[in-house]
Amino acid sequence: MSTEENPAAAPRSLAEALRGRDDVSLAALLRSRPDLITPVPTDLTQLATRAGTRASVVRALERLDRFTLQTAQALAVASDPATYDELLGLMAGDDGDPAVSAALPHALGTLRAQALVWGGDDRLRLVRTARELLAPSPQHPSPTGLGPTVREAGAGISPGRIQELLATAGLPSTHDSVSALNALAGLFDDPERMSALLDQAPSESVEVLERLVWGPPYGQVTADPAPRLRWLLDRGLLLPTAPGTVVLPREVALRLRAGRAHRTTEPVPPPVEAAAAHRPQMVDATAAGQAYTALATVEELLKDWHEGGPAVLRAGGLSVRDLKRTAVALDVPEPVAAFWVELAYAAGLLASDGEADERYAATPAYDEWRERPAGERWARLATAWLAATRTPGLVGERDAKDRTLSALGPGLDRSAAPEVRHRVLALLAGLPEGAAPDAGSLLARLRWERPPRADRTGGGAPSPYARRAPAQPAEGTRGVAARAGGPGAPGYPADGASGAGGEDDLRSRLARWTLAEAEMLGVTGRGALSSHGRALIGAPPAPRHADTRAEPAGPGDKLPVHHRQTPVPPALSPAEQATAAAAAGRLLDPLLPEPLDHVLLQADLTAVAPGPLERPLADMLGVLADVESKGGATVYRFTPASVRRALDAGQSAADLHAFLAAHSRTPVPQPLAYLIDDVARRHGHLRVGAASSYVRCDDDAVLNEILADRRAAGLGLRRLAPTVLAARTDPAALLEGLRAMGFAPAAESAEGDVLIARADAYRTPPRTPPEPVPDGPPVPDDTLLAAAIRAVRAGDLASTAPRRPVAGAADTAPGELPRTTAAETLAGLQAAVLTNETLWIGYVNAEGGASQRVIAPIRVEGGFVTAYDHTADEVRTYPLHRITGVAEIAE
């Protein structure tokens with residue numbers, strides 16, 4: 001039965017409307033607005049109150065799509081309450097719009113589901129806070145461009161002036177201002193009389209109305225208005241709101257707009273256009289190549305920092321100079337280097353060591369990560385990127401305090417980043433397999449789903465969808481000069497925003513960064529989502545369409561979108577994301593190149609690796625030789641320093657010869673064998689230890705040569721014995737100095753043993769990856785939702801159920817805690833135990849918080865009552881002295 005047939009059934013408040021919902025509807029509300037159960041409200045009245053608070057309403061409005069937001073804006077300028085037909089007229093206009101008519105029920109349902117609108121179709125009410133935020137006023141412009149009503153704008157006009165307006169407009173005079181304003185509003189609402197009035201208007205006056213009709217509705221007039229303005233002022237078509245300021249009444253604007261609240265409504269989201277199409281196999285192969293490069297780049301980065309990376313700035317983060325050095329080492333631009341550094345940090349593979357001289361280094365998790373299969377390693381990087389709130393694209397920009405944002409430093413977290421990344425990939429998943437999106441259409445779709453702040457409030461930066469008003473004359477000239485947004489504040493501020501339009505611009509930049517980062521990481525290939533990228537976000541495989549061409553004719557070739565886009569996959573829970581990442585890794589593994597167990601040695605002291613190498617071979621070759629170039633094949637160069645590095649790591653000349661012979665498809669070149677033997681013959685001939693430091697050698701002629709060398713002057717050497725020299729410098733500096741002189745010394749311990757330096761000796765203590773900064777309260781899971789709804793229902797039962805006070809107790813007003821004496825409370829509880837009745841009690845906890853509960857007493861003894869608490873859905877024990885009173889639940 002509708003509320004029209006049964007007016008008594010119409011809810012009188014939002015709390016009553018929520019009370020009429022089932023558990024499924026309440027769960028949907030709490031899932032879409034999780035701030036409403038943080039903490040869990042005691043009853044539905046408190047839930048309704050919390051749903052109407054400014055912060056919660058602002059957050060809910062910011063998450064509406066463009067058409068649903070336009071529906072809320074139209075309700076804000078409609079009568080209160082409004083009918084569905086009135087709302088439809090404001091959205092579709094007098095001529096009607098089939099697309100708007102078809103989409104409006106869903107938009108209105110969304111507003112109802114999120115408790116922003118309540119009431120039946122005959123009495124639609126926008127939540128009061130939302131109406132205050134969206135309704136037009138002189139201090140609060142509306143994104144619809146509409147001004148106040150005749151009644152609102154004419155409230156400050158003198159009664160005599162109002163009667164003059166009626167007479168000029170051809171209306172009979174009235175006895176009071178209220179009825180006069182009503183008569184004037186009725187004239188503007190009547191299409192026939194309004195048309196007749198406008199037919200009499202001079203063309204210059206009509207031109208003024210046309211300039212104000214779509215907003216802003218405010219304008220400036222001089223003390224002596226021009227005749228075209230005087231004609232409008234005398235008939236109430238323009239009303240004064242302040243000295244020198246006039247406004248176009250809402251009724252007049254709506255009549256001139258043919259009943260539309262918005263100049264353009266967008267009931268259907270703009271489609272994501274396909275800019276190019278590629279063969280799916282090509283997309284997967286390209287993405288796999290990028291994924292392999294991503295793994296190699298992260299390994300190279302951490303290998304470069306294996307002995308302790310750059311120092312941590314005092315304010316945190318990586319210095320500009322160290323970022324440049326890292327970019328040179330990785331052979332990438334600095335913004336790309338910042339991305340790889342932040343990715344390794346987000347995956348928990350990189351952290352600061354926490355020492356007094358704090359530096360960055362690989363974590364123990366890096367060693368474990370390196371031993372995993374390539375698909376699993378990539379999945380860990382991709383999952384960390386997808387969930388990270390740190391935004392590498394901001395590196396190099398300045399924060400609100402004009403400080404430069406540095407890689408790995410504070411200030412890079414943006415809570416919207418994970419949602420934007422997932423949304424971009426989800427929209428790519430809606431395209432045909434192998435289709436790359438047009439960036440402009442993708443950004444347009446994102447702006448429709450989350451409109452810019454200018455569209456939400458009417459202030460801030462102009463929206464690309466907003467009509468640009470024609471240029472207006474400056475204030476003080478004859479005529480009307482429209483103010484940008486009217487007098488007063490530019491609109492309601494969004495919590496946490498850094499100025500109008502700033503966060504909206506960030507979302508577009510996040511989307512662009514997502515497209516670039518997904519390509520670098522191998523989630524996409526040639527701009528199209530790969531098969532393992534689809535699995536990463538839990539999207540089903542895309543159907544292959546007959547209209548998808550194999551290759552575009554050129555880089556700018558666009559495809560007509562006449563296919564049906566697949567449904568966009570929803571966000572995944574952490575457990576679902578882990579399962580999806582594992583599946584993505586399994587899909588990627590067969591696409592990655594198989595690691596090789598051999599290299600090709602050449603006579604110019606180089607080795608060519610024609611592909612990725614097995615882990616032990618790559619590690620050993622990385623110590624024995626230096627990487628000279630990378631690409632499809634990696635070229636390693638053997639030098640005396642690199643061979644000495646391998647000898648320092650504990651290898652002997654025989655070990656190196658055997659290693660090269662076992663892993664080379666070509667014979668070991670003679671120059672390379674000579675190089676190894678020559679360096680090995682001189683390696684360890686000199687021994688450096690701690691005196692401050694000393695040098696010892698069995699050949700005193702070598703020590704004489706060192707003392708005679710001018711380059712040794714800075715080492716502070718002096719002879720202690722024929723085979724021993726002492727130095728003022730520490731052993732590390734002495735080692736470096738002698739090596740710079742062309743010698744090959746080896747470090748030794750206090751016992752005289754040669755010290756072996758391992759390449760992967762330094763790691764940070766165990767570190768956890770950085771936690772993403774949440775964008776508001778987390779979405780509750782089904783278990784928490786069920787418990788919260790059960791508690792709210794029970795609390796609502798306690799606050800609304802009819803009560804019968806215990807004999808002799810004072811009457812209790814609805815909503816108040818029951819008040820009974822200690823004797824009456826004890827008697828009532830004991831009687832309920834015998835009769836198995838349910839009681840309503842007031843209870844004050846140890847912190848002084850008062851609440852009301854519905855309990856079924858089980859026993860009363862020792863100053864405590866044990867009862868089944870319907871509010872908490874469990875058995876609890878309450879001290880009798882904390883119970884304020886009891887009352888029976890009426891039948």
Side-chain angles (χ1 to χ4, degrees), residues 292 296-297 299-300 302-304 306-307 328-331 370 593-688 697-699 702 705-706 711 735-748 754-761:
Y292 169 74
T297 304
E299 287 192 39
E300 184 177 356
L302 296 177
K303 189 181 295 183
D304 187 56
H306 74 279
E307 292 182 352
V328 171
L330 298 179
D331 193 21
R370 291 179 65 206
E594 288 290 335
L596 304 177
D597 61 352
H598 65 275
V599 295
L600 304 176
L601 296 177
Q602 303 187 102
D604 60 349
L605 297 181
T606 61
V608 177
L613 300 177
E614 292 181 347
R615 177 73 54 201
L617 174 58
D619 291 343
M620 184 60 196
L621 199 59
V623 176
L624 180 57
D626 298 324
V627 176
E628 187 172 79
S629 65
K630 295 178 293 184
T634 304
V635 178
Y636 295 85
R637 178 164 294 279
F638 299 93
T639 65
S642 68
V643 174
R644 183 174 61 244
R645 187 170 64 231
L647 296 174
D648 287 343
Q651 301 293 324
S652 65
D655 295 335
L656 298 181
H657 285 299
F659 168 78
L660 294 175
H663 293 92
S664 175
R665 289 292 177 88
T666 58
V668 178
Q670 193 175 49
L672 179 56
Y674 285 168
L675 174 65
I676 293 173
D677 292 338
D678 183 59
V679 175
R681 183 171 54 255
R682 294 184 294 120
H683 184 265
H685 198 197
L686 294 177
R687 300 293 182 89
V688 173
C697 182
D698 295 337
D699 188 352
V702 175
E705 182 184 351
I706 293 174
R711 293 173 294 178
L735 280 169
E736 292 299 323
L738 292 176
R739 287 171 178 169
M741 294 167 60
F743 297 95
E748 71 175 12
V754 176
L755 294 176
I756 297 175
R758 300 289 183 185
D760 56 350

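Not measured: the values here are computed from a predicted model. Quick note: residue numbers are just sequence positions, from 1.
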For this session: Given side-chain contact (heavy atoms from CB on, under 4.5 Å), test Leu656 with Met620 step by step and report yes or no.
Result: CA-CA 10 Å; Leu656 298 181; Met620 184 60 196; 3.6 Å; yes
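- Under 4.0 Å is where a charged nitrogen must lie from a carboxylate oxygen, and between Arg681 and Asp677 no such pair does.
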Exercise. Could you go step by step and tell me if Ile676 and Leu660 meet the side-chain contact (heavy atoms from CB on, under 4.5 Å) rule?
Worked result: CA-CA 11 Å; Ile676 293 173; Leu660 294 175; 3.6 Å; yes
Exercise. Between Thr666 and Gln602, does a side-chain contact (heavy atoms from CB on, under 4.5 Å) hold up when you go through it step by step?
Worked result: CA-CA 8 Å; Thr666 58; Gln602 303 187 102; over 6 Å; no
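- For Asp331, the CG atom sits in a loose shell: 12 or fewer heavy atoms of surrounding residues, nucleotides or ligands are nearer than 6.0 Å.
- At distances below 3.5 Å, not a single donor-acceptor pair connects side-chain atoms of Arg644 with backbone N or O atoms of Thr639.
- With a 6.0 Å radius and a threshold of 12 heavy atoms from other residues, nucleotides or ligands, Asp698 has its CG atom at or below the threshold.
- With hydrogens and angles disregarded, no donor-acceptor distance shorter than 3.5 Å links the side chain of Arg665 to the backbone of Leu600.
- The main-chain N or O of Val679 is never found under 3.5 Å from a side-chain atom of His683 such that the two would form a donor-acceptor pair.
- The backbone N or O of Asp655 sits less than 3.5 Å from a side-chain atom of Ser652, completing a donor-acceptor pair.
- Not a single donor-acceptor pair under 3.5 Å links the side chain of Arg637 to the backbone N or O of Ser629.
- For the atom pair Tyr636 OH and Thr606 OG1, the distance stands at 12.5 Å (nearest 0.5 Å).
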For this session: Give the intermediate values and the outcome of side-chain contact (heavy atoms from CB on, under 4.5 Å) for residues Met741 and Leu738.
Result: CA-CA 5 Å; Met741 294 167 60; Leu738 292 176; 4.2 Å; yes
